[in-house]
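Report on one structure; see the data block that follows.
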Amino acid sequence: MSSSATHRGAAVVEVTDLHKSFGSNHVLRGLDATIRQGEVVCVIGPSGSGKSTFLRCINLLEQPTSGSIKVGGEEVTDPDCDIDAIRRNMGMVFQQFNLFPHLSVLDNCTVAQTTVLKRGKEEAETKARDNLEKVGLSDKADAYPAQLSGGQQQRVAIARALSMDPKLMLFDEPTSALDPELVGDVLSVMRRLATEGMTMFVVTHEMAFAREVADRVIFMDGGSIVEEGVPSQVIGSPTEERTRVFLQRVLDPTHVDPGAEDEAHAERHRAAAAAAGSTPGVPLDPQR
Amino acid sequence: MSTAITDAPAKKKLSPRRRAQRIRWTQYALLVAFVIAFALGADWGQIQSVFFRSDLVKATLTEGLPNAFKNTLVYTAGAFVLGLLLGTVLALMRLSSVGPYRWISTAWIEFFRGLPAIVVFIAFSLLPLAFEGLVIPYDPYGTVWVALGLVASAYMAETIRAGIQAVPPGQIEAARSLGMPAGVATRKIILPQAFRIITPPLTNEVILLVKDSSLVYVLGLSAAGYELTKYGRDLASSNANLTPLVVAGFCYLVITLPLSYVVRRMEARQKKER
């Protein structure tokens with residue numbers, strides 16, 4: 001199934017027939033995917049399509065119901081696998097940032113280095129400052145997360161993940177919780193990471209970013225991969241109807257197809273008429 | 001003036017705000033009347049000689065009060081430390097994935113929360129009789145610490161558990177995603193945040209402990225081990241006057257009022273941060 005357009009390098013992640021259920025809710029219905037060294041893969045799709053669950057299965061934040069996930073050749077679903085060691089090599093960026101609020105920005109970036117990688121304090125701080133510089137926040141090293149804007153917090157989260165020298169970065173809708181004017185800074189950091197050759201797996205709603213940066217786009221719907229390929233194909237000229245419908249909604253949200261518009265218009269009129277008929281006086285609430 | 005909108009009934013009715021104002025004035029008037037009646041009716045001389053006899057105040061303050069005050073503090077501090085350590089272990093057990101740990105800690109918490117503290121203390125006073133040769137070290141402090149600490153641990157465990165659960169799940173996910181093993185994530189990420197959240201309720205526990213330490217007299221302590229209540233009560237009964245007890249009571253307020261002030265400050269600050 002992995003009809004990857006760009007075979008840059010060895011497979012970093014190999015997913016075969018991945019299933020995930022929450023109770024009776026079958027969220028992932030047999031996914032197959034490969035992420036190769038140096039590749040940027042973007043996953044797009046409507047909300048509830050299982051994109052985030054898919055990503056969270058890769059570092060085992062969600063336990064798959066069945067199927068195989070190999071990271072660097074190691075089967076992460078195997079109980080004998082050292083998941084902490086695998087996670088060390090895999091940076092994760094969350095939608096809600098999840099910075100540690102009791103630690104300064106610098107300590108956020110060093111705490112895992114010193115406790116997990118056993119790096120010395122000095123080495124860890126140098127590494128942290130380098131990465132903060134990279135995301136453009138070297139002046140915020142001593143600030144606390146609560147003092148930063150959402151966009152700054154998310155960039156710190158990226159620096160925190162990078163400080164572990166990961167081989168792969170997972171992004172779970174990194175800009176979805178941000179105010180629109182803050183999205184750009186985070187995306188440009190990610191864009192730069194991509195050009196530096198970082199292997200990235202990005203769940204996103206930013207079509208422009210996917211089109212520009214991704215080597216490959218995966219479109220998911222209803223827990224399955226519907227379409228997969230280079231961005232110009234999947235986003236530019238999708239072959240599947242479901243992909244087309246989704247992209248039309250996302251890329252042109254003000255567009256409503258004519259039939260639906262007439263219906264909505266009529267509905268509004270009926271509602272207005274009903275409201276006018278029932279309360280002929282002043283509809284103002286005197287309490288206000 | 002107000003008739004245009006509400007097409008008012010013919011009978012003149014007080015507006016809600018006018019009515020509320022009238023009720024408020026009635027309450028003030030009642031209060032003033034009550035205070036005047038009390039000031040005129042009370043036998044001030046008698047009140048003073050029963051509750052605030054100056055020579056007894058002096059005697060209470062000088063005799064054994066510093067020692068009793070110190071004992072109350074030491075009992076409370078020791079019990080707090082023990083309760084905190086034990087409570088943390090119990091809270092972690094309560095949240096453990098190992099069933100029996102959960103059961104044990106639940107049983108412990110329910111048992112010691114359900115019993116009156118004084119029953120636990122009476123049981124401890126009888127322990128040396130029941131188990132011959134049983135010696136709890138650092139007498140009398142050891143016994144008090146253990147007895148009071150056991151009771152405190154049950155309450156604190158519940159507070160700490162609530163604090164741990166109040167840390168957003170994203171925190172543990174972020175920590176584990178960085179490759180931290182569960183233990184490291186708990187120590188470095190979860191517990192520091194949990195304790196920040198529970199500092200105010202935990203300080204309230206200290207206030208409760210200060211007061212509960214007044215019950216340890218049932219352990220049958222020697223005079224050197226008296227705390228404020230026992231000390232004040234003995235003096236009060238030997239003098240047939242309440243003044244020593246009043247002085248002891250004030251000493252409790254000296255400890256607890258600053259603590260509750262601190263709690264209020266911390267709560268206000270947490271509210272602002274959120």
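The chains referred to below are lettered A, B, ... by the order of the sequence lines, with proteins before strands, and numbering in each begins at 1. Scope of the values below: all heavy atoms of this structure, side chains included, with no hydrogens, waters or symmetry mates.
Within 6.0 Å of CZ in B/R265 there are 12 or fewer heavy atoms belonging to other residues, nucleotides or ligands. Summarising the local packing, OH of B/Y28 is surrounded by 12 or fewer heavy atoms from other residues, nucleotides or ligands at distances under 6.0 Å. Atom CD of A/E133 sits in a sparse spot, with 12 or fewer heavy atoms from other residues, nucleotides or ligands closer than 6.0 Å. For NZ of A/K20, the number of neighbouring non-hydrogen atoms (other residues, nucleotides, ligands) closer than 6.0 Å is greater than 12. More than 12 heavy atoms of other residues, nucleotides or ligands lie within 6.0 Å of CZ in B/R102, so this atom counts as buried by the packing criterion. Heavy-atom contacts from other residues, nucleotides or ligands closer than 6.0 Å to OH of B/Y101 number 12 or fewer. The environment of A/E196 atom CD is dense: over 12 non-hydrogen atoms of other residues, nucleotides or ligands sit within 6.0 angstrom.
You'll find the side chain of A/V111 reaches within 4.5 Å of the side chain of B/M180, heavy atoms only. Residues A/F100 and B/L178 have side chains in contact (heavy-atom distance under 4.5 Å, counting atoms from C-beta outward).
The shortest non-hydrogen separation linking B/A174 to A/R160 is CB-NH2, 3.6 Å.
Results of the side chain to side chain contact (heavy atoms under 4.5 Å, CB included) test with B/E173 over A/M92, A/R56, A/Q96 single out A/R56 as the only residue that passes.
In this structure, the side chain of A/H102 does not engage the main chain of B/R196 through any donor-acceptor pair within 3.5 Å. Panel note: side chain A/N98, backbone B/G170; a donor-acceptor pair is recorded below 3.5 Å.
Across B/S177, B/A182, B/P192, B/P181, the residue that shares the most heavy-atom pairs under 4.5 angstrom with chain A is B/S177.
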Test side-chain contact (heavy atoms from CB on, under 4.5 Å) on B/R176 and A/D84; report intermediate values, then the result.
CA-CA 7 Å; B/R176 298 303 306 273; A/D84 292 334; 3.2 Å; yes
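To the nearest 0.5 Å, atom CD of residue B/Q193 and atom CG of residue A/L103 are 7.5 Å apart.
Using a 4.5 Å cut-off between heavy atoms, A/V116 touches chain B through its side chain atoms alone. Using a 4.5 Å cut-off between heavy atoms, A/L99 contacts chain B through its backbone alone, with no side-chain atom that close. Residue contact with chain B, scored on non-hydrogen atoms closer than 4.5 Å, involves the backbone and the side chain of A/P101 alike. In this structure, chain B has a heavy atom under 4.5 Å from the side chain of A/M164, while its backbone stays farther away. Proximity to chain A is absent for every atom of B/A185, based on heavy atoms less than 4.5 angstrom apart.
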